[in-house]
Amino acid sequence: MKQLLTGNEAIARGAYEAGLVFASAYPGTPSTEILENLANYKKELYCEWAPNEKVALEAAMGASIAGVRSLAAMKHVGVNVAADPLFTAAYTGVTGGFVLVTADDPGMHSSQNEQDSRNYATAAKVLMLEPSDSKEAKEFTKLAFILSEKFDTPVMLRVTTRICHSKSLVDLEERVDKVSIPYERNIAKYVATPANGKVLRRKLIERLAAMEEYSDQAEINAVQYNSNEIGVISAGVAYQYAREVFGDDVSYLKLGMTYPMPMGLIREFASKVKKLYVVEEMDPYIENHVKMAGIDCIGKSIIPEMDELNPDIIRKAVFNIENKTIQTMKEAIVRPPTLCAGCPHRAFFYVLGKKKNLMITGDIGCYTLGSSPPLSAMDTCICMGASISVGHGAKKAFEQTGVDRKVVSVIGDSTFFHSGVTGLMDVVYNKGNSLTVILDNRTTGMTGHQDNPGTDYTLMGESTSQVNIPLLCKAVGIKEDNIYTINPLKLEETSKILDEALAKNEPAVVITRWPCAIKKFSDRDKAEFDLKPKKYIINQEKCTGCRTCIRTGCPAIYSGKKIVINPETCIGCSVCKQVCPFDAIEQEG
Amino acid sequence: MKQVKNILLVGVGGQGTILASKILSAGLIEAGYDVKMSEIHGMSQRGGNVSTQIRFGEKVYSPIIGKGEADLIVAFEKMEALRWIEYLKEGGKVVINDVEIPSVPIQLGKVEYPQGILEELSNKATTYIFKATEIAEKLGNPKTMNIVLLGALVKAIELPDIDWKKIIRDHVKPGYAQINEMAFQTGQSQV
């Protein structure tokens, strides 16, 4: 049966068909839907959200050591977090097949950087596969488990946004029976002491030689000879673009396995064409391998090494041809993403933005939009969990240099669990003096509402216990009197508590607790919060057009000749009513 | 169909472009085409612009469409038609929902919503302009706006031999089948 699947759906299906038993991930665009789709098969396998990518990879590794096929999925920057266990897993090898899916985001559609994770395969020395559409995403996932077991190595399945989120036709097949290899203690293999490590290191090099030999013969490294004039080497979605641009009249070497590279095959291919192009997104990864073998090729000298590729860019670079386009006099105004109508983060940042003499260190999540106009209440955003530690260091620097400036570190609930709590330990342990604000919106919002250790449910849909954030902060060493939990939608109270917390001369934590405006509310949410939708309207007789409400940045408020609230999108958070100096905003009904 | 056809659906987060493209691609698969479709997720849920690209034909390689390659652009909002018009092929068609959704800089009063978009686009391309949102409201459910536009799309790209009624029924809740069918038909009559 053929189905139109995204790459992420296809990877989930491939893992299911391969008899996968365990999967773990931390959500991150564009990888999130892999685990969400695996959860559809929860009767036959187990999957979970981990607090961060390192935990996800380690847990999947544990399942592999215990003898089953396992998978960890993450976005490219997640691999940085998980790099520590990955490099040693390459030494120990596996028992059950073990696949790491890394989803890169060329063009930074939803990421803070554009790193090319293929470099991890060479650095860690793990086998890497790169599918070019959904059909291959499924097939390569299945192959990845087989190769992992055959070569005793973790296998990295490297995909990109356009693979993850593009749909193409896939044939569905049956699931193979899940295999469990009987567990036996194997100290020499799995206890990575220096003595064992030295032996494992040598074995890794031997494995690499065997993997390279396989790569040269692998069916997924396929040659299509159509011409002896021009040859194109490509992989991943870039191959599809190249195929579109170069057409049927050139020869192709399409690489499905990109580490170890099939150097024998590449040499043979290069010898049969007069001109060789390498078409790839981001770094000159394939190109460097080709050039190191002394083979001349054209790659990044004409094809950009940043941003996402597309057929247009390749066509222009290679043939200097541009399609005719319609040009207009008018220009569309940018449409930047915004915090939703009723978002509890808006209320908080509106208040925080009014406070003077602050450095606000931010973090990764919807609330990074607190840095955008009109709120513009953020100074930094580096990576997951960095807000608290960056804020701590900045405050120490201010103290050391006699600068009188307070520091507020702002972090979401899921990001706090991911890697923020260690920063808070740093603040307490090292006698820091920054204020930490945990924006607890009862979900992982940015990636589309995944549960986390602070919500009520697991990925398997089971009710579970929650991390108690105030208690965790207390356990870390924040004094009980310095821990506040507030409803951020109450602006005056939020302002008062912020002033009080900022006046403390020691570490303090403010937790803003209110659910994301667009999440599906759980029974516990409904029991705890008043979530009945309300509507607000502007009394046009009282409205003076002062635009104070507009400056909250709420997308439900429109300003034309009159300022009006869109009844379709207003959920009644009442922030605009609270800021209106003329009492012109009223609850409807 | 040897030649690959390219369709671009553009709009604002929450306008229902994804369901429309789902129904469209289901119809195309049933008709036996190779289909590729690409969407950008992530930040788009937060009110940013959204785009879905659909390519179909005998064999499709790239999942994305280049500038000057779209046979048809369906804009769920009119400024989005302006934003994506460069992608239209010479002789291509544009279906535009005549509705204005201001973006943040416009709401903040920093810039004005561009005037005269429809006139300019009509002068430069074959356009079908109508108020799909109002049509859907009159039918009794403003959310069927996406299906009104889907009806217009199917007519404009000339895909009559597919049982769209059945495919729509497969994709909406039973109680909403009739109103969506009506929305689809009304949309077809706009082209």
Side-chain angles (χ1 to χ4, degrees), chain A residues 2-4 6 29-30 32-33 109-111 133 161-163 165-169 237 239-241 243-245 310-312 315 322-340 366 369 372-374 446-448 518 547 550-551 553 555 557-560 568-569, chain B residues 12-14 22 25-26 28-29 34-49 53 60-69 79-90 92 101-117 120-121 124-125 142:
Chain A
K2 267 195 187 348
Q3 274 193 15
L4 193 67
T6 62
T29 314
T32 311
E33 302 84 1
H109 293 285
S110 195
S111 303
D133 61 14
T161 304
R162 291 293 176 181
I163 298 294
H165 289 169
S166 294
K167 291 188 176 184
S168 54
L169 291 166
V237 77
Y239 164 75
Q240 303 289 354
Y241 303 153
R243 195 68 188 67
E244 193 82 36
V245 171
N310 61 42
D312 284 346
R315 196 177 293 113
E322 281 180 281
N323 287 333
K324 211 177 153 197
T325 59
I326 293 173
Q327 297 302 315
T328 52
M329 305 289 289
K330 295 175 191 62
E331 257 183 67
I333 311 297
V334 290
R335 199 181 285 285
T338 56
L339 295 171
C340 305
C366 288
L369 294 169
S372 306
M446 182 86 252
T447 42
I518 59 168
R547 307 176 66 81
I550 296 283
R551 285 191 288 274
I557 308 177
Y558 286 11
S559 74
E568 293 287 324
T569 47
Chain B
V12 180
K22 237 184 201 168
S25 53
L28 294 169
I29 292 167
D34 186 20
V35 180
K36 282 192 180 173
M37 186 170 137
S38 190
E39 288 162 0
I40 286 300
H41 298 216
M43 307 291 273
S44 54
Q45 206 179 350
R46 315 286 170 261
N49 45 292
Q53 323 199 1
V60 181
Y61 291 104
S62 167
I64 56 175
I65 300 168
K67 286 180 183 166
E69 282 184 354
M79 190 166 74
E80 294 311 310
L82 182 65
R83 192 185 313 282
W84 291 91
I85 196 69
E86 275 192 298
Y87 283 78
L88 196 70
K89 187 187 269 182
E90 240 185 327
I101 302 178
S103 65
V104 170
I106 299 168
Q107 278 177 292
L108 292 175
K110 289 191 175 153
V111 280
E112 278 185 17
Y113 193 97
Q115 297 300 303
I117 293 176
E120 185 169 2
L121 294 182
K124 290 180 171 158

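Source: prediction; values computed, not measured. Chain A is the first sequence line, chain B the second, and so forth, proteins listed ahead of strands; every chain is numbered from 1.
- The distance from atom CG of B/L108 to atom OG of A/S559, rounded to the nearest 0.5 Å, is 8.0 Å.
- Using a cutoff of 4.0 Å between basic side-chain nitrogens and carboxylate oxygens, A/R335 and B/E80 are scored as salt-bridged.
- Heavy-atom distances place both the backbone and the side chain of B/I85 under 4.5 Å from chain A.
- For B/I65, no part sits under 4.5 Å from any heavy atom of chain A, backbone or side chain.
- Using a 4.5 Å cut-off between heavy atoms, A/P374 contacts chain B through both its backbone and its side chain.
- The structure places OH of A/Y241 at 3.5 Å from CD1 of B/I64, a figure rounded to the nearest 0.5 Å.
- Residue contact with chain B, scored on non-hydrogen atoms closer than 4.5 Å, is absent for A/P30.
- For a residue to count as touching a neighbouring chain, one of its non-hydrogen atoms must lie under 4.5 Å from one of that chain's; by this rule B/P105 touches chain A with the side chain only.
- To the nearest 0.5 Å, atom OG of residue B/S62 and atom CG of residue A/D133 are 11.5 Å apart.
- For the atom pair A/M329 CE and B/E120 CD, the distance stands at 7.0 Å (nearest 0.5 Å).
- Distance alone, capped at 3.5 Å, is enough to place a donor-acceptor pair between the B/Q107 side chain and the A/P555 backbone.
- Interface residue B/E86: backbone and side-chain heavy atoms are both found under 4.5 Å from chain A.
- Contact count against chain A (heavy-atom pairs under 4.5 Å) is highest for B/I101 among B/I117, B/L121, B/I101, B/V104.
- Here the NZ atom belonging to A/K167 is positioned 5.0 Å from the NZ atom belonging to B/K22, to the nearest 0.5 angstrom.
- For the pair A/N310 (side chain) and B/G66 (backbone), a donor-acceptor distance under 3.5 Å is absent.
- The existence of a salt bridge linking B/E69 and A/R315 is confirmed by a sub-4.0 Å separation between a basic side-chain nitrogen and an acidic carboxylate oxygen.
- Residue contact with chain A, scored on non-hydrogen atoms closer than 4.5 Å, involves the side chain of B/V111 exclusively.
- Separating the CD1 atom in A/I333 from the CG atom in B/N49 is a distance of 12.5 Å, to the nearest 0.5 Å.
- When the candidates B/R83, B/E90, B/K89 are compared by the number of heavy-atom contacts under 4.5 Å with chain A, B/R83 comes out ahead.
- For A/Q3, no part sits under 4.5 Å from any heavy atom of chain B, backbone or side chain.
- Both the backbone and the side chain of A/T328 come within contact range of chain B, each with at least one heavy atom under 4.5 Å from a heavy atom of that chain.
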For this session: Could you give me the CA-CA distance, side-chain angles and deciding distance for A/S166 and B/K36, then say whether side-chain contact (heavy atoms from CB on, under 4.5 Å) is met?
Result: CA-CA 7 Å; A/S166 294; B/K36 282 192 180 173; over 6 Å; no
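- By the 4.5 Å heavy-atom criterion applied to side chains, B/S103 and A/V334 are not counted as neighbours.
- Side-chain atoms of B/K67 never come within 3.5 Å of backbone atoms of A/N323 as a donor-acceptor pair (strictly under, hydrogens ignored).
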